[in-house]
2 protein chains.
Amino acid sequence: MKILIVEDEPKTGAYLRQGLTEAGYVVDLARDGFDGLHLAVGGDYDLVILDVMLPGLDGWQLLSGIRRKDPDLPVLFLTARDQVDDRVKGLELGADDYLIKPFAFAELLARLRTLLRRGRATNEPTVLRVADLELDLLRRRVLRGGRRIELTAKEYALLELFMRRRGEVLPRSLIASSVWDMNFDSDTNVVDVAVRRLRLKVDEGFEPRLIQTVRGMGYVLDEPE
Amino acid sequence: MKILIVEDEPKTGAYLRQGLTEAGYVVDLARDGFDGLHLAVGGDYDLVILDVMLPGLDGWQLLSGIRRKDPDLPVLFLTARDQVDDRVKGLELGADDYLIKPFAFAELLARLRTLLRRGRATNEPTVLRVADLELDLLRRRVLRGGRRIELTAKEYALLELFMRRRGEVLPRSLIASSVWDMNFDSDTNVVDVAVRRLRLKVDEGFEPRLIQTVRGMGYVLDEPE
DNA sequence: GTAGAGCGATGAAGATCCTGATCGTCGAAG
DNA sequence: CTTCGACGATCAGGATCTTCATCGCTCTAC
């Protein structure tokens with residue numbers, strides 16, 4: 001897997017290169033937008049990581065340049081916290097994902113895997129859908145009836161679990177172990193409380209109710225018949 | 001490495017056995033205190049994991065039985081949340097570490113590694129000390145001037161980093177990456193705030209001040225000359 | 001049908017952690 | 001020596017998550 005990084009700040013660039021190389025990717029690094037564009041369109045990469053703030057060509061110009069030549073090349077945007085609103089712009093222009101600096105390296109690797117696995121042709125599903133509830137795995141976004149719903153990290157993890165295993169009754173212990181890495185059913189009701197919070201955001205005021213309690217067993221997410 | 005688990009609850013026992021076996025340990029499982037004691041004293045184990053609540057012999061009786069035969073065998077206590085005060089009793093009776101259920105499996109593995117690495121004979125240091133500040137790696141306890149100091153998870157991780165690298169000036173970026181797994185110096189001051197909280201607990205009201213700021217570089221923990 | 005136990009739902013409080021703003025201080029340049 | 005800018009300290013506010021206590025419902029046993 002060959003990845004191009006376009007990043008002007010030397011420290012961040014070097015760090016990314018080192019980390020990704022150690023993770024087994026082949027990595028090239030471009031220092032500005034011009035080099036970036038040049039390499040991206042000619043270099044046969046599987047993925048491009050793109051800093052929004054760049055000298056020369058900025059991130060968006062670079063992105064549209066890439067899209068003109070290669071509409072399918074996965075592009076991941078790096079944006080700083082105070083440019084968060086720019087991510088919308090990036091996604092509209094055809095970026096496939098974004099990440100806000102600072103971020104955990106593990107997080108970056110996870111996103112990369114998703115993007116690369118989806119691949120150019122294979123088109124594995126990136127959006128899970130149950131009734132009018134949608135979960136966009138790449139953008140980490142949730143929509144219900146077309147409306148955006150903001151979820152916290154745990155809520156998102158919980159919902160993703162539910163949707164990936166739609167229709168299955170998930171015992172609390174399973175939920176605890178996959179969302180919390182807790183594996184002992186002692187006297188905690190974290191799962192219950194988390195499910196309640198998720199319900200408030202995702203089910204409250206909507207029809208049909210998707211998250212259902214199965215007494216003595218656990219919870220399911222599904223469309224009731 | 002051979003580990004004995006003494007645990008009566010079948011689900012927890014099975015889970016532990018499976019997880020530890022997958023992690024490469026050889027695992028035996030005893031269902032009650034009598035079997036546990038019998039196996040422990042005769043079975044040539046490197047470590048024993050012990051549930052406090054047991055039918056037959058309880059955890060402490062078992063522990064003192066073990067200690068009579070083998071004073072050095074590492075023992076890790078499992079205690080439920082509402083028995084937390086019992087952990088003191090356990091440690092006084094010669095347990096080497098304790099873990100509160102529910103806990104993350106990764107946490108258990110980390111503790112095991114520490115206990116096993118220390119080994120029976122090798123006696124690697126398990127307490128870090130600078131001036132009158134002590135950090136007990138096994139018990140995850142911190143003492144200053146003999147007084148117990150309660151730290152949160154992040155505070156503990158930060159202090160451990162400082163003490164393991166006593167005297168070294170640690171740049172913020174290094175701290176961020178080891179305590180937070182964040183690797184980008186953007187506009188956050190989490191490190192500063194965390195250092196402040198740690199200082200309040202560890203340095204405030206004591207002499208000498210151990211956590212020092214090195215302008216433009218980062219922080220050090222050391223005894224000033 | 002009724003009582004009781006167990007299970008889940010709910011609400012509130014508390015702990016921890018992060019963000020953002022402001023204030024103070026150190027050091028260099030003039 | 002004074003001024004200014006950069007860096008760090010500090011504080012308040014808020015978000016998230018967990019714990020705990022209580023309430024209500026369901027199911028079962030009698």
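Chain A is the first sequence line, chain B the second, and so forth, proteins listed ahead of strands; every chain is numbered from 1. None of these values were measured; they are calculated from a predicted model.
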Check the phosphate of [N] against [X], side-chain N and O only, distance under 4.0 Å to OP1 or OP2. Yes or no?
| X | N | answer |
| --- | --- | --- |
| R172(A) | dC7(C) | no |
| W180(B) | dC17(C) | no |
| R199(B) | dA9(D) | yes |
| T152(B) | dC17(C) | yes |
| R196(B) | dT10(D) | yes |
| T188(A) | dT18(D) | no |

Worksheet item: Does D203(A) pair with R209(A) as a salt bridge, N-O distance under 4.0 Å?
Response: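 Not counted as a salt bridge, because no side-chain N and carboxylate O are separated by less than 4.0 Å.
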
Worksheet item: Got a salt bridge between R199(A) and E204(A), using NZ or NE/NH1/NH2 to carboxylate O under 4.0 Å?
Response: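 E204(A) and R199(A): not salt-bridged.
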
Discussion item. Can you list everything that forms a salt bridge (charged side-chain N to carboxylate O under 4.0 Å, His left out) with R31(A)? Sequence neighbours excluded, please.
Written reply: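 R31(A) satisfies salt bridge (charged side-chain N to carboxylate O under 4.0 Å, His left out) with no residue once adjacent residues are dropped.
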
Discussion item. For DNA chain C, which residues of residues 215-223 of chain A approach it to below 4.0 angstrom with any heavy atom?
Written reply: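 Those residues whose heavy atoms fall under 4.0 Å from DNA chain C, taken from residues 215-223 of chain A in numerical order, are R215(A), G216(A), Y219(A).
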
Worksheet entry | Residues from residues 153-166 of chain B lying under 4.0 Å of DNA chain C - heavy atoms |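 By residue number: A153(B), K154(B).
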
Fill in: With L50(B), the side chain to side chain contact (heavy atoms under 4.5 Å, CB included) member among V75(B), L78(B), T79(B)
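The side chain to side chain contact (heavy atoms under 4.5 Å, CB included) with L50(B) is passed solely by V75(B) among V75(B), L78(B), T79(B).
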
